[in-house]
Amino acid sequence: MKRIIVWNGRLQSILAFSLLSSYILSFLFEGQILYSLLELHDLETSSYIIEAIVANFLGLFSCGLFTKSIDRAKTVMLLGMGTSFIATIPFFFAPSPLWFLGLIVGGYASGVALAAWGYFLKAFTPQQERLKTCADVLIISNVIMVAINVLTFKLSPFVGLTVVMLSLFLGTVFTWSIRIGGEHGQDKQARARSTEQMRNAFLLLCVFIAV
């Protein structure tokens with residue numbers, strides 16, 4: 001039974017991360033959707049692209065300041081994906097200052113949520129299999145990204161935007177459904193120290209995915 005619970009948590013966390021990452025890759029971080037929307041409205045791309053990238057990196061590297069446990073990580077991921085979902089809505093309408101605000105808020109929120117996933121990697125994947133899990137999220141993220149990019153290119157950026165928001169919603173659902181066991185005393189402290197040690201390595205993975 002324990003193996004089933006761990007596997008379900010691992011699978012759910014992989015899907016949650018991949019769906020969140022597909023939002024970043026397809027839209028926020030120099031994604032095909034964002035470029036298509038900017039081109040559709042004949043807007044200068046550089047200022048939009050740069051602010052989204054900077055906000056995302058700030059989220060990645062500041063997550064550790066307020067995420068110290070897997071319970072908090074789950075909350076951070078839920079809030080991050082929910083905030084990113086809301087911040088994406090203005091892009092269905094004509095360009096406005098809300099686009100800049102949406103990229104900043106969505107970029108930071110998604111970066112924080114992405115980094116918080118490191119606690120799920122630690123909790124649900126055995127140490128000797130973490131490289132495989134990282135490979136899985138890279139593959140799934142890119143497959144989803146390619147599918148969204150094809151829809152964006154063949155149909156319209158609004159179709160791609162709708163699908164990427166659906167990805168955020170599904171990622172939130174998978175994150176919400178993950179069951180987290182309680183931790184107490186020394187076990188909790190030991191897990192916190194161990195997770196802190198692997199945080200920098202995981203941030204490198206996040207940067208690799210974003211780039």
Side-chain angles (χ1 to χ4, degrees), residues 1-25 28 56-85 106-145 167-210:
M1 179 60 70
K2 183 177 180 180
R3 288 177 62 86
I4 294 175
I5 292 174
V6 170
W7 170 248
N8 286 343
R10 181 180 179 179
L11 179 60
Q12 288 171 288
S13 68
I14 288 173
L15 292 173
F17 182 95
S18 300
L19 291 163
L20 170 62
S21 181
S22 69
Y23 158 78
I24 296 173
L25 295 172
L28 189 76
N56 192 253
F57 275 110
L58 287 175
L60 284 172
F61 288 101
S62 65
C63 176
L65 298 176
F66 47 83
T67 308
K68 302 296 184 181
S69 69
I70 190 169
D71 299 279
R72 179 64 62 85
K74 181 175 181 178
T75 301
V76 168
M77 285 194 69
L78 290 172
L79 290 176
M81 286 188 283
T83 301
S84 298
F85 184 94
Y108 183 81
S110 61
V112 170
L114 197 71
W117 182 80
Y119 284 86
F120 291 95
L121 176 64
K122 171 72 176 178
F124 295 111
T125 301
Q127 185 173 0
Q128 68 274 14
E129 297 182 23
R130 286 175 191 157
L131 185 61
K132 182 180 183 300
T133 293
C134 292
D136 288 341
V137 298
L138 285 173
I139 293 170
I140 297 173
S141 298
N142 280 277
V143 168
I144 298 174
M145 177 196 69
S167 295
L168 281 174
F169 175 76
L170 291 175
T172 304
V173 171
F174 283 121
T175 303
W176 179 268
S177 64
I178 294 175
R179 293 185 178 182
I180 299 173
E183 297 176 303
H184 302 282
Q186 295 182 350
D187 289 339
K188 186 174 182 178
Q189 293 176 7
R191 183 180 291 277
R193 287 194 298 269
S194 179
T195 303
E196 184 68 20
Q197 292 172 356
M198 68 174 289
R199 186 172 68 88
N200 291 336
F202 174 70
L203 284 177
L204 292 177
L205 169 66
C206 294
V207 172
F208 174 77
I209 291 174

Looking only at atom types and distance, does a side-chain atom of Lys74 sit under 3.5 Å from a main-chain N or O of Ile178, one as donor and one as acceptor? yes
Interatomic distance, CZ@Phe124 vs CD@Gln12, rounded to 0.5 Å, equals 8.0 Å
Note to self: Within the 3.5 Å criterion, strictly below it, is a donor on Thr83 or Tyr108 matched to an acceptor on the partner's side chain?
What the structure shows: no
inquiry  = For Leu28 and Ser110: C-alpha separation, side-chain torsions, deciding distance, then whether side-chain contact (heavy atoms from CB on, under 4.5 Å) applies.
reply    = CA-CA 9 Å; Leu28 189 76; Ser110 61; 3.3 Å; yes
- Query: Heavy-atom distance under 4.5 Å between the side chains of Ser62 and Val112, does that happen here?
  - Reply: yes
Rounded to the nearest 0.5 Å, the CZ atom of Phe85 sits from the OG atom of Ser167 at a distance of 10.5 Å
Between the CG atom in Leu25 and the OG atom in Ser141, the distance rounded to the nearest 0.5 Å is 6.0 Å
Quick note, salt bridge (Lys or Arg N to Asp or Glu O under 4.0 Å) partners involving residues 133-143, not counting sequence neighbours, are Lys132-Asp136
### Query
Does atom CD of Gln127 have more than 12 heavy-atom neighbours, drawn from other residues, nucleotides or ligands, at distances under 6.0 Å?
no
The reported gap from SG in Cys63 to OH in Tyr119 (rounded to nearest 0.5 angstrom) is 7.0 Å
Next on the checklist: Looking at Thr67 and Gly64, would you say the former's side chain and the latter's main chain have a donor-acceptor pair under 3.5 Å?
Outcome noted: no
Those residues at least two apart in sequence (or on a different chain) that pass side chain to side chain donor-acceptor pair (under 3.5 Å) with Thr172 are none
Exercise. Side chains of Leu168 and Leu19: does their closest heavy-atom pair fall under 4.5 Å?
Worked result: no
Tightest non-hydrogen contact, residues Ser84 and Ala109, listed as OG-CB, 3.8 Å
| message | Looking at Leu78, is its backbone amide N or carbonyl O close enough to the side chain of Trp176 to form a donor-acceptor pair, meaning the two atoms are under 3.5 Å apart? | response | no
Nearest heavy-atom approach of Ser13 to Phe120 is CB-CB, 3.9 Å
Give a yes or no answer on whether the side chain of Arg179 reaches the backbone of Gly9 with a donor-acceptor pair at less than 3.5 Å.
-> no
Those residues at least two apart in sequence (or on a different chain) that pass side chain to side chain donor-acceptor pair (under 3.5 Å) with Thr75 are none
d(Ser22 OG, Phe17 CZ) to nearest 0.5 Å is 10.5 Å
Rounding to 0.5 Å, atoms CG (Leu114) and CE (Met81) come to a distance of 10.0 Å
In terms of heavy-atom contacts, Leu121 and Arg130 come closest through O-NE, 3.9 Å
Between Thr175 and Ala16 the two heavy atoms that sit nearest each other are OG1-CB, 3.3 Å
Item to complete: Might you work through the side-chain contact (heavy atoms from CB on, under 4.5 Å) test for Val143 and Ser18, ending with a clear yes or no?
Response: CA-CA 9 Å; Val143 168; Ser18 300; over 6 Å; no
